[in-house]
Engineer: 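Attaching a single structure in structure tokens format; questions to follow.
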Amino acid sequence: MSKYLFVFNLALAALCATMAVVLAVVAMMYLYYMGTTPRLADELPLVLQATGVFILGTGVYALGSWSIRRSHWLKWPSQILGVMAIILIALYAASLR
């Protein structure tokens, strides 16, 4: 059971880290081209918020993976944080519509 949970946490950490890196690159491109279009300046805070949400998700799932690997007492509380991170990402995505 915990082996599958470990792999699941690693996969979610990798997914969130990838999204955070991609959004960070998009934010840097927005900063570089901000003077050309005023719309970019309006969208930059949303990109930075999304980047922060995915960085938070990466940390939560990395903590979950680490706690499972080490059989730490944070094993199950970190899974609760992981579920809360999924809910936070879903709520953030729903608020953008």
Side-chain angles (χ1 to χ4, degrees):
M1 161 77 176
S2 65
K3 179 174 132 178
Y4 298 114
L5 193 58
F6 176 71
V7 171
F8 182 68
N9 277 318
L10 279 180
L12 286 177
L15 174 70
C16 286
T18 302
M19 288 300 295
V21 168
V22 167
L23 286 172
V25 170
V26 169
M28 286 190 294
M29 290 172 61
Y30 272 30
L31 286 172
Y32 184 75
Y33 290 110
M34 193 179 305
T36 60
T37 307
R39 181 177 171 196
L40 293 179
D42 295 338
E43 293 179 359
L44 182 63
L46 292 174
V47 173
L48 291 176
Q49 286 174 357
T51 305
V53 166
F54 282 109
I55 288 172
L56 177 71
T58 301
V60 166
Y61 292 119
L63 174 68
S65 302
W66 174 82
S67 64
I68 290 171
R69 177 85 171 143
R70 297 288 180 189
S71 296
H72 199 266
W73 65 271
L74 284 174
K75 179 178 181 179
W76 295 113
S78 66
Q79 299 311 307
I80 294 170
L81 282 175
V83 170
M84 290 172 59
I86 289 174
I87 292 169
L88 174 69
I89 291 170
L91 288 175
Y92 180 76
S95 72
L96 294 177
R97 293 183 184 196

Engineer: Does the side chain to side chain contact (heavy atoms under 4.5 Å, CB included) test come out yes or no for Met29 and Leu40, once each step is laid out?
Structural biologist: CA-CA 10 Å; Met29 290 172 61; Leu40 293 179; over 6 Å; no

Engineer: Run the side chain to side chain contact (heavy atoms under 4.5 Å, CB included) check on Gln79 and Trp76 step by step: do they pass?
Structural biologist: CA-CA 5 Å; Gln79 299 311 307; Trp76 295 113; 3.9 Å; yes

Engineer: Is Tyr92 atom OH crowded by more than 12 heavy atoms from other residues, nucleotides or ligands, each under 6.0 Å away?
Structural biologist: yes

Engineer: For the CG atom of Leu63 and the NE2 atom of His72, what is their distance to the nearest 0.5 Å?
Structural biologist: 8.5 Å

Engineer: Considering non-hydrogen atoms only, spot the tightest contact between Glu43 and Arg39 and give its length.
Structural biologist: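 Minimum heavy-atom separation between Glu43 and Arg39: OE2-NE, 2.8 Å.
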
Engineer: If you group Ile, Leu, Val, Met, Phe, Trp and Tyr by side-chain heavy-atom gaps below 4.5 Å, do Tyr33 and Val47 land in one group?
Structural biologist: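 Per the 4.5 Å side-chain linkage, Tyr33 and Val47 are co-clustered.
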
Engineer: Would a hydrophobic clustering, with Ile, Leu, Val, Met, Phe, Trp and Tyr connected at side-chain separations under 4.5 Å, put Tyr32 with Val26?
Structural biologist: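 Shared cluster, yes.
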
Engineer: Taking all atoms of both residues into account, what is the closest heavy-atom pair of Ser78 and Gly64, and its distance?
Structural biologist: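 What the structure gives for the nearest pair is OG-CA, 3.4 Å.
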
Engineer: Can you tell me how far CE of Met28 sits from CG of Leu23, rounded to the nearest 0.5 angstrom?
Structural biologist: 11.0 Å

Engineer: Any idea which heavy atoms bring Ile55 and Ala20 closest together, and the distance?
Structural biologist: CG1-CB, 3.8 Å

Engineer: Using the side-chain contact (heavy atoms from CB on, under 4.5 Å) rule, pick out the option among Leu56, Leu81, Ile86, Leu10 that qualifies with Tyr61.
Structural biologist: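 Testing each of Leu56, Leu81, Ile86, Leu10 against Tyr61, the sole residue satisfying side-chain contact (heavy atoms from CB on, under 4.5 Å) is Ile86.
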
Engineer: Hey, what do you get for OH (Tyr4) to CG (Asn9), rounding to the nearest 0.5 Å?
Structural biologist: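 So the gap between those two atoms works out to 15.0 Å.
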
Engineer: Does any part of the side chain of Ile89, heavy atoms only, come nearer than 4.5 Å to the side chain of Phe54, both counted from C-beta?
Structural biologist: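 Yes. Closest side-chain heavy atoms under 4.5 Å.
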
Engineer: Does atom CE of Met34 have more than 12 heavy-atom neighbours from other groups under 6.0 Å away?
Structural biologist: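 Yes - once you tally the heavy atoms of other residues, nucleotides and ligands closer than 6.0 Å, there are more than 12.
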
Engineer: Which pair of heavy atoms, one from Ala27 and one from Leu48, lies closest together, and at what distance?
Structural biologist: CB-CD2, 3.8 Å

Engineer: Search all heavy atoms of Ala85 against all heavy atoms of Val60 and return the closest pair with its distance.
Structural biologist: CB-CG1, 4.3 Å

